[in-house]
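Given the structure is predicted, the values throughout are model-derived calculations rather than measurements. Here is the naming used below: chain letters follow the sequence lines, and residue numbers restart at 1 for every chain. Values below: all heavy atoms of this structure, side chains included; hydrogens, waters and symmetry mates excluded.
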Protein chains: 2
Amino acid sequence: MASQRGEGETTATPLEPADRERARAIPEAAVARLAVYLRVLSGMADQGVTAVSSEELSQAAGVNAAKLRKDLSYIGSYGTRGVGYDVEVLVSHIERILGLTRNHSVAVVGIGNLGHALANYGGFPGRGFPVTALFDVDADLIGVPVGGIPVSHIDDITAVCLEREVSIGVIATPPPAAQSVCDRLVSAGVQCILNFAPVVLQVPDNVEVRKVDLAVEMQILSFHVARRADEAASVSVGNGLGVDGMVIRP
Amino acid sequence: MASQRGEGETTATPLEPADRERARAIPEAAVARLAVYLRVLSGMADQGVTAVSSEELSQAAGVNAAKLRKDLSYIGSYGTRGVGYDVEVLVSHIERILGLTRNHSVAVVGIGNLGHALANYGGFPGRGFPVTALFDVDADLIGVPVGGIPVSHIDDITAVCLEREVSIGVIATPPPAAQSVCDRLVSAGVQCILNFAPVVLQVPDNVEVRKVDLAVEMQILSFHVARRADEAASVSVGNGLGVDGMVIRP
DNA sequence: CCGACTTTGTGCATGCGTTCACAAGCGGTA
DNA sequence: TACCGCTTGTGAACGCATGCACAAAGTCGG
């Protein structure tokens with residue numbers, strides 16, 4: 001696989017551990033799926049399942065079996081032909097690849113509705129993502145504990161982030177504040193950002209941003225609703241008519 | 001995802017209005033970007049900007065200019081060569097393609113932390129996605145208004161969804177309840193679902209599901225943190241050494 | 001009215017991701 | 001031990017999306 005921009009191809013001198021080599025080559029889409037596999041596998045492990053075939057696992061994860069095997073091949077071959085995969089082995093290996101063997105301290109900025117929900121969300125700490133810092137500008141919130149963590153003022157973001165070794169910053173502020181908050185997080189050394197604000201963030205190359213945009217999700221669904229409605233209409237009404245019954249010509 | 005599969009290729013009989021024809025062909029990835037363009041354009045319109053070039057717009061949206069033009073070409077050509085695009089025209093056309101000319105009634109199921117946040121989230125109604133129904137199982141919540149809407153019991157989901165013509169269902173329940181809630185939404189005629197529960201939902205082909213999975217997002221970020229740490233380590237330590245300083249040979 | 005400049009729209013090549021299909025490998029069984 | 005059936009791992013083909021580069025098309029100044 002032609003890995004990205006080899007930076008002078010330091011790869012030419014190999015001898016790095018196989019995992020590291022592989023991690024670099026894992027497609028982004030596959031990483032997202034690995035996280036899903038991990039959850040499914042964890043669930044299976046909790047139920048006492050010890051082995052699983054690619055067919056079973058792929059169905060539970062809602063993907064093609066071949067794709068699943070290819071995804072797993074990116075992280076190395078840990079299955080047994082004729083048998084399947086050992087659940088425990090796979091879980092721990094995916095955890096290792098995803099960097100889940102250590103905790104990633106999370107800071108949430110913007111303690112509004114969403115920020116509250118995130119701070120109280122139980123799913124994070126249990127999975128190795130303890131929320132260790134909360135920030136807001138509202139003076140009434142400073143010092144108030146939310147989900148067990150007292151809210152700090154956003155001006156203290158650098159000091160607090162460094163002190164608590166925050167590795168992931170979550171932006172849950174109103175849109176106008178997002179870029180400024182992002183800049184502050186970056187200058188505090190945070191290299192990974194999860195952005196809930198409907199804003200396109202500008203960041204340096206060495207910072208990874210993922211965005212969760214509810215409005216966009218809704219609009220994508222809306223598009224599909226509209227497409228369906230159109231198809232239904234064009235079948236029942238016939239062709240040559242627009243939504244309003246107006247004839248449309250190119 | 002696999003919403004393609006032309007169902008016997010009704011496309012074979014053409015003569016449909018150009019837009020309908022196009023809508024079917026727009027790549028999923030492009031639809032997501034159109035929603036982003038729309039937001040950027042709306043912001044520009046609010047600031048009194050009337051015309052914009054593909055270069056400007058693409059920068060504001062954080063994408064390649066050529067890609068932007070291609071995306072816009074999927075919905076038809078509405079630019080003027082040598083000048084650019086009329087902001088108003090583009091806004092209204094994207095809105096039309098995305099089906100935003102009519103409101104899409106939204107139901108939120110699961111009024112926990114996240115459900116509260118969603119019900120109170122101001123971004124939805126303003127953009128044509130009024131939240132018209134809330135559901136939960138908790139008896140203490142039934143009838144309590146959240147964000148102005150009283151919570152209904154989940155057993156009434158079918159009647160309420162039909163009555164209020166819910167077109168999008170949002171699942172914000174704990175994981176174990178998600179599939180059951182999903183099934184009920186589907187049988188109430190809801191064809192689009194936005195799923196916040198970390199569960200792979202099984203739905204009929206005619207239902208569109210989009211999922212927002214915070215844990216997966218965090219784990220993707222974690223992967224990048226780990227990859228960075230590894231790269232940094234292998235650069236500073238040199239080659240042939242693993243993270244623990246052990247020499248590893250293939 | 002014409003020519004130069006600007007910007008769109010798109011054909012084409014490239015690369016990535018998905019899917020297929022099958023050989024290789026392993027456990028079970030006689 | 002040798003065979004049989006099952007499942008993995010992967011080479012290869014396909015399809016989609018991205019990015020480039022340029023012709024077409026329009027505006028603006030003279």
Is there a side-chain contact between A:Asn64 and the phosphate of C:dG17, meaning an N or O under 4.0 Å from OP1 or OP2? no
Evaluate the side-chain proximity of [Y] to [X]: yes if any heavy-atom separation is below 4.5 Å, no if none is.
X        : Y        : result
B:Cys182 : B:Asn195 : no
A:Leu118 : A:Phe196 : yes
B:Val106 : B:Val166 : no

No-hydrogen, no-angle side-chain donor-acceptor test under 3.5 Å, A:Ser53 and A:Glu56: yes
Distance check needed: [N] [atom2] versus [X] [atom1], whole Å only.
X       : N      : atom1 : atom2 : value
A:Arg33 : C:dG17 : CZ    : C1'   : 8 Å
A:Glu28 : D:dT18 : CD    : P     : 14 Å
B:Asp71 : D:dA17 : CG    : C1'   : 10 Å
B:Lys67 : C:dC16 : NZ    : C1'   : 12 Å
A:Leu68 : C:dC20 : CG    : P     : 14 Å

Please name all residues satisfying salt bridge (Lys or Arg N to Asp or Glu O under 4.0 Å) with A:Arg69, sequence neighbours left out, ordered by chain then number. none
Set of residues satisfying salt bridge (Lys or Arg N to Asp or Glu O under 4.0 Å) with respect to A:Arg210, sequence neighbours excluded: A:Glu28, B:Glu217
Please give the angle, rounded to 10 degrees, between the axes at the start and the end of the helix from C:dC1-D:dG30 to C:dA30-D:dT1, where five pairs define each axis. 10°
Per-nucleotide protein contact string for nucleotides 1-10 of chain D, where B marks a base within reach and S marks sugar-phosphate only (heavy atoms under 4.0 Å, - for neither): -----BBBBB
Please round to the nearest 0.5 Å and tell me the distance separating atom CD1 of A:Ile94 and atom CG of A:Asp71. 9.5 Å
Those residues that, when tested against A:Gln191, pass side-chain hydrogen bond (donor to acceptor under 3.5 Å, both in side chains) (two or more places apart): none
Does anything in residues 35-46 of chain B reach DNA chain C, meaning a heavy atom under 4.0 Å, and if so which residues? none
Closest contact, heavy atoms only, [X] versus [Y]:
X        : Y        : result
A:Glu88  : A:Asp86  : N-OD1, 3.0 Å
B:Ala32  : A:Val216 : O-CG1, 3.9 Å
A:Val207 : A:Val190 : CG2-O, 4.1 Å

